[in-house]
There are 2 protein chains.
Amino acid sequence: MARKSGSSGEKTRAMVEDAAIRLIARYGFAAVSMRQIAREVGVQAGALYLYTPDKQSLLFDIMRGHLVHLLDSWQQHSPPVETPAVIRLERFVRFHIDYHIMRAEKVFISYMELRNLEPENFSEIERLRRDYEHVIEEILTAGVAEGAFEHTDSRLTTMAMIAMLTGVSTWYRDGGRLPAGAIATRYVDMAFRLAGAEPLAEVAE
Amino acid sequence: MARKSGSSGEKTRAMVEDAAIRLIARYGFAAVSMRQIAREVGVQAGALYLYTPDKQSLLFDIMRGHLVHLLDSWQQHSPPVETPAVIRLERFVRFHIDYHIMRAEKVFISYMELRNLEPENFSEIERLRRDYEHVIEEILTAGVAEGAFEHTDSRLTTMAMIAMLTGVSTWYRDGGRLPAGAIATRYVDMAFRLAGAEPLAEVAE
DNA sequence: GTCTATAATTAGATAGAC
DNA sequence: GTCTATCTAATTATAGAC
């Protein structure tokens with residue numbers, strides 16, 4: 001029988017993406033073959049091309065999907081812009097860490113596999129990444145304007161904060177020394193320190 | 001003529017490593033072929049095997065060489081342990097950023113290509129990385145004991161600080177908005193904030 | 001020390017049967 | 001929708017000439 005009974009295109013499509021994410025996160029895009037992905041799904045290599053025109057699109061779709069969903073999720077979680085920056089920063093840090101811990105593989109891929117994107121794809125992903133960086137930068141500059149934050153260089157503080165926060169996903173493991181919530185609380189504290197939040201706000205945290 | 005006049009083994013050996021570093025940093029280890037490296041050096045692929053037993057060793061030697069040299073350099077730059085932690089932290093941050101900016105490619109490889117190491121090689125590299133993490137952690141705990149730093153979790157602060165500092169090498173470019181020295185100064189300030197350095201020390205910076 | 005030639009394997013992608 | 005078979009090209013690594 002050439003076609004398994006009960007097999008369905010949409011289900012297989014999801015399995016292909018899942019397998020690709022798992023394998024690419026583990027071994028790296030260039031090191032993973034289409035045959036490996038197919039084996040993980042339980043189909044032959046040729047069948048993959050029903051769901052993706054080529055290997056590059058598989059990577060690109062994973063990364064774009066991740067970043068679009070990330071930005072979308074923040075839109076839904078973000079407080080209104082008129083909210084005090086201290087509140088917005090705390091909300092952002094908790095959102096970011098939570099999201100990145102829960103989707104560590106996609107985060108990892110989107111960070112590590114930029115080099116394997118073809119130029120046009122790279123540009124689109126970079127644009128989405130910059131959009132996300134601007135979320136922090138806007139909160140920081142708003143906080144300085146409010147007098148709630150005190151630091152000399154919002155752009156550099158943004159870069160430092162993103163690196164610091166995203167770093168969590170490189171070492172976090174379920175069942176580690178601290179639960180995710182406790183980690184997030186400590187990172188909120190550290191983000192406030194970097195931003196130069198007034199002691200009052202820091203205590204209130 | 002099978003052998004170029006004026007060619008020399010040691011010189012070629014260095015060119016092989018240089019080419020490997022440049023190409024792996026740019027395209028990733030798995031995506032770079034031995035033929036590409038050979039072409040960059042100006043020899044045939046077979047000749048590479050005079051200098052490395054296989055492709056894996058090429059990667060491993062780059063990473064181990066980098067980390068051994070990094071630890072060695074810090075040994076020579078580090079103030080005696082009895083030096084106040086504030087001084088030691090400032091020295092460390094400037095050393096780390098300077099070193100990482102000047103050797104961005106090796107740093108990048110050592111961070112991105114961990115997945116492509118065979119198990120035994122991975123273990124050795126991880127051991128060296130942990131040694132380096134302990135440098136910061138020791139300074140932070142010493143600072144807390146001295147009463148110079150105030151933070152709740154030295155281990156987490158270490159992870160945050162390493163991620164923050166190493167992140168510089170992912171975006172730094174010569175001729176950018178700020179010269180390397182100015183960037184380092186701002187990162188010293190941010191490191192002090194994370195560590196919870198007493199205001200007096202922060203002003204002294 | 002480097003070259004040419006080649007072995008052995010594997011890759012991405014397609015064609016056509018079912 | 002999936003399989004088998006296959007094409008074409010590339011890969012790591014080695015052997016042996018020079």
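Residue numbers begin at 1 in each chain, while the letters A, B, ... track the order of the sequences. All heavy atoms count here, side chains included; hydrogens, waters and symmetry mates do not.
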Pairs involving residues 52-70 of chain A, ordered by first then second residue, that meet side-chain hydrogen bond (donor to acceptor under 3.5 Å, both in side chains) (sequence neighbours left out): A:D54-A:S57, A:Q56-A:N121, A:D61-A:R64, A:H69-A:Y99
What pairs meet the salt bridge (charged side-chain N to carboxylate O under 4.0 Å, His left out) rule with one or both residues in residues 36-48 of chain A, with sequence neighbours excluded? A:R22-A:E40
Could I get the full list of side-chain hydrogen bond (donor to acceptor under 3.5 Å, both in side chains) partners for A:D72, not counting sequence neighbours? none
A:E137 side, atom CD; A:T141 side, atom OG1 - distance, nearest 0.5 Å: 6.5 Å
Sequence neighbours excluded, which residues qualify as salt bridge (charged side-chain N to carboxylate O under 4.0 Å, His left out) partners of A:D98? none
Any side-chain donor paired with an acceptor under 3.5 Å for A:R94 and A:T185? yes
When the distance from NZ of B:K11 to P of C:dG1 is rounded to whole Å, what number comes out? 14 Å
Salt bridge (charged side-chain N to carboxylate O under 4.0 Å, His left out): pairs with one or both residues in residues 106-120 of chain A, sequence neighbours excluded: A:E113-B:R115, A:R115-B:E113
Kindly calculate the angle separating the two end axes of the helix from C:dG1-D:dC18 to C:dC18-D:dG1, each obtained from five base pairs, and round it to 10 degrees. 0°
Residue pairs fulfilling ring-ring contact (aromatic ring centres under 6.0 Å, His included) with at least one residue in residues 74-93 of chain A, sequence neighbours excluded: A:W74-A:F92, A:W74-A:F95, A:H77-A:F95, A:F92-A:H96, A:F92-A:Y132
Among residues 13-20 of chain A, which ones have heavy-atom contacts with DNA chain C below 4.0 Å? none
Please list, chain by chain and in numerical order, all residues satisfying salt bridge (charged side-chain N to carboxylate O under 4.0 Å, His left out) with B:E133, sequence neighbours excluded. B:R155
Nucleotide by nucleotide, nucleotides 8-13 of chain C touches protein heavy atoms under 4.0 Å in the pattern (B base, S sugar-phosphate only, - none) ---BBB
Find the distance A:L50:CG to C:dT14:P and express it as a whole number of Å. 12 Å
For A:T12 and D:dG1, is the shortest distance between a side-chain N/O and OP1 or OP2 below 4.0 Å? no
Quick check on D:dT2: is either OP1 or OP2 less than 4.0 Å from any side-chain nitrogen or oxygen of A:Q44? no
Specify the separation, in whole Å, of atom CZ of B:R39 and atom C1' of D:dA10. 12 Å
Who passes side-chain hydrogen bond (donor to acceptor under 3.5 Å, both in side chains) against A:R177, sequence neighbours left out? B:D153
Over how many whole Å does the gap from B:I37 atom CD1 to D:dT11 atom C1' extend? 12 Å
Can you tell me which residue pairs pass the ring-ring contact (aromatic ring centres under 6.0 Å, His included) test with a partner in residues 149-189 of chain B, sequence neighbours excluded? none
